[in-house]
Number of protein chains: 2
Amino acid sequence: MALRHAVPATLLDGEYSGYQPAKTFDVVVANFWHAPPQQLYAELTELEKEGLVAGRQVVQETRPDKRLFHVTDSGRAELKEFTAAVSKPSFIRDDLLVKVQVADRLGTAPVIEQLEERASAAEAKIELLGKLLRQLRGDADEEEFLRRGERIGSYLTCLRGLAFEQGHRDWCLRIATVLRERRTTHAER
Amino acid sequence: MALRHAVPATLLDGEYSGYQPAKTFDVVVANFWHAPPQQLYAELTELEKEGLVAGRQVVQETRPDKRLFHVTDSGRAELKEFTAAVSKPSFIRDDLLVKVQVADRLGTAPVIEQLEERASAAEAKIELLGKLLRQLRGDADEEEFLRRGERIGSYLTCLRGLAFEQGHRDWCLRIATVLRERRTTHAER
DNA sequence: AGAGTCATGTAAGCTGTTACATGATTCG
DNA sequence: CGAATCATGTAACAGCTTACATGACTCT
């Protein structure tokens, strides 16, 4: 289970509705996660049924009413258990890798194009994460913040996200160059 | 669909049974993918039904008979289509990130332990991939191989796997250090 | 004799994605 | 006035994981 724990983990930092995190889930909560609202509503409903989170109705005049959720004691306990349990190593699972794998056989042109698109998407995310990190650490420099900051969880996971995007960008650009240069020397197909 | 294309991609390099790749799927085919044999059998059966791959029975004396699969023309065509279609960006989805996110609230000890375990697992994989890369490029150096080599698909995906594992290791070690050093200054809980 | 490997599958279940649906309010 | 945003859900489906099952051969 993944969202099952990712959602309460988010909620530790405060109350959220189902809608809020859905918008920012890519970046703020989990610079690493992504989930459409539907999934969050479903998960929150399930978690509430099990008593791991609790919601309270907030009436809004101009906007539709919403429900803000927080983690219950029982939810905290389960999160703590989850934290202690071992989990399996992660791995990349990316269609683009499959495409690169077969590019020299089935045609490089569309793959090169996608590699370059990915690289600029990664670049954009790198900048976004850079800003977010600066914002999170405020005036302090990184070392300082990590030593004395109160809540560093988000910062640490952002760092992973940043490194991932940088690695992704670098690889995309490298591979695009390699494939491009081969086009002059290797016949396609 | 992911395995749906990853499997034929593998099969482009030669014939395989369901069993063979299952063992090496972590490393050889897709230094990035991982799938248990059950899934491969299921996928191969499905792909065969749709005519994208074809199998031939190989009788073995000492071992149980097996079926070797290869990609059909129709399978190649679909792969090529897949290669041209755009796919969504990838992201990390790792329980460990969730744990790090909440570590400063719910207890750092078990998380530090897991970070260090992960780091050494990543280290092991880095060495494995290094060996594989050396083996794939033979006598040539990397630049040379990437320019003139016949089939570089696996090499390129391995490079991504390698960079990913290095990033993973570095992050794990860094975060473990950060959390460890905070333990002397921050009370837990 | 028992453990491990080669070889193949079925069946159930968990997670996550996508499409569909609703309805008020705000912004240009 | 139309598009976007806030806000919440249902239903169907696709994909992956896990448990279970079988059976022969090889190595210690």
Side-chain angles (χ1 to χ4, degrees), chain A residues 1-9 15-26 30 32-50 52-53 55-69 82 85-95 98, chain B residues 1-8 15-26 30 32-50 53 55-69 82 85-95 98:
Chain A
M1 299 208 190
L3 248 190
R4 156 128 207 181
H5 296 110
V7 168
E15 287 184 320
Y16 290 99
S17 69
Y19 189 80
Q20 256 164 294
K23 294 246 69 176
T24 45
F25 218 44
D26 304 3
F32 52 88
W33 209 278
H34 136 94
Q38 295 91 330
Q39 229 171 309
L40 295 180
Y41 288 120
E43 199 62 44
L44 283 168
T45 305
E46 176 62 24
L47 287 168
E48 191 181 29
K49 211 171 66 190
E50 294 183 43
L52 304 178
V53 307
R56 61 188 182 88
Q57 193 79 11
V58 173
V59 180
Q60 298 183 117
E61 275 151 37
T62 137
R63 299 288 164 76
D65 295 353
K66 63 181 173 182
R67 306 186 64 206
L68 293 184
F69 290 92
F82 164 73
V86 285
S87 48
K88 286 167 195 166
S90 64
F91 42 87
I92 316 179
R93 189 165 278 191
D94 189 344
D95 283 347
V98 176
Chain B
M1 297 205 193
L3 247 189
R4 156 130 206 183
H5 297 112
V7 167
E15 288 183 319
Y16 291 97
S17 69
Y19 189 81
Q20 257 164 291
K23 294 245 69 175
T24 44
F25 219 44
D26 303 1
F32 52 87
W33 209 279
H34 136 93
Q38 294 92 328
Q39 227 172 311
L40 294 179
Y41 288 119
E43 200 61 44
L44 283 168
T45 305
E46 177 61 25
L47 287 168
E48 192 181 29
K49 210 171 67 189
E50 295 182 41
V53 307
R56 60 186 184 87
Q57 193 79 13
V58 173
V59 180
Q60 298 184 115
E61 277 152 36
T62 136
R63 299 287 166 79
D65 295 352
K66 63 179 173 184
R67 307 186 64 205
L68 292 184
F69 290 92
F82 164 73
V86 287
S87 49
K88 288 167 193 164
S90 65
F91 43 86
I92 315 178
R93 191 165 276 191
D94 188 345
D95 282 348
V98 177

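Bear in mind the structure is a predicted one, so any value in this text is a computation, not a measurement. Basis for what follows: all heavy atoms, side chains included, without hydrogens, waters or symmetry-related copies. Each chain gets a letter, A, B and so on, in the order the sequences are listed, and its residues count up from 1.
Atom-to-atom, CG of A/Leu44 to C1' of D/dT10 comes out at 16 Å; the value is rounded to the nearest Å. With rounding to whole Å, A/Glu46 atom CD is found 15 Å from D/dG9 atom C1'. Straight-line distance from the CZ atom of B/Arg4 to the P atom of D/dA14: 11 Å, rounded to whole Å. Distance, A/His5 NE2 to C/dG16 P: 11 Å, rounded to whole Å. Atom CG in B/Leu3 sits roughly 17 Å away from atom P in C/dG16 (whole-Å rounding). Nucleotide D/dG9 holds its P atom 13 Å from the CG atom of A/Leu47, rounded to whole Å. Atom CZ in A/Arg93 sits roughly 15 Å away from atom C1' in C/dT17 (whole-Å rounding). In this structure, CD of A/Glu43 is placed 12 Å from P of C/dT17, rounded to the nearest angstrom.
Remark on DNA chain D: of its neighbouring residues A/Asp65 and A/Ala42, the 5'-side contact belongs to A/Asp65, judged by nearest-heavy-atom nucleotide. Each of A/Gln39 and B/Gln60 was matched to the nucleotide of DNA chain C holding its nearest heavy atom; the match closer to the 5' end belongs to B/Gln60.
The nucleotide whose nearest atom lies closest to any side-chain atom of B/Lys66 is, among D/dT17, C/dA7, C/dG16, C/dA7. Nearest to the side chain of A/Gln38, among C/dT18, C/dG16, D/dT8, sits C/dT18.
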Pick out the pairs of N or O atoms, protein on one side and nucleotides 24-26 of chain C on the other, that lie under 3.5 Å.
residue, atom, partner, partner atom, Å
C/dT25, O3', A/Thr62, OG1, 3.4
C/dT26, OP1, A/Thr62, OG1, 2.7

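Of all heavy-atom pairs between B/His5 and A/Val98, the closest is O-CG1, 3.7 Å. The shortest non-hydrogen separation linking B/Leu47 to B/Arg4 is CD2-O, 3.9 Å. Residue B/Val53 comes nearest to B/Leu44 through the heavy atom pair CG2-O, 4.0 Å, listed as atom of the first residue, atom of the second, then distance. Closest non-hydrogen pair, A/Val59 versus A/Asp65, comes out as CA-OD1, 3.5 Å.
For the OP1/OP2 pair of C/dT18 and a distance below 4.0 Å, the side-chain nitrogens and oxygens of B/Lys88 include at least one atom meeting the criterion. An OP1 or OP2 oxygen of C/dG9 is reached within less than 4.0 angstrom by no side-chain nitrogen or oxygen of B/Tyr41.
B/Asp95 and A/Ser87 share no donor-acceptor pair across their side chains, judged by distance under 3.5 Å alone.
To the nearest 0.5 Å, atoms CG (A/Leu52) and CZ (A/Phe69) are separated by 12.5 Å. A/Asp94 CG to B/Phe91 CZ: the interatomic distance, rounded to the nearest 0.5 Å, is 10.0 Å.
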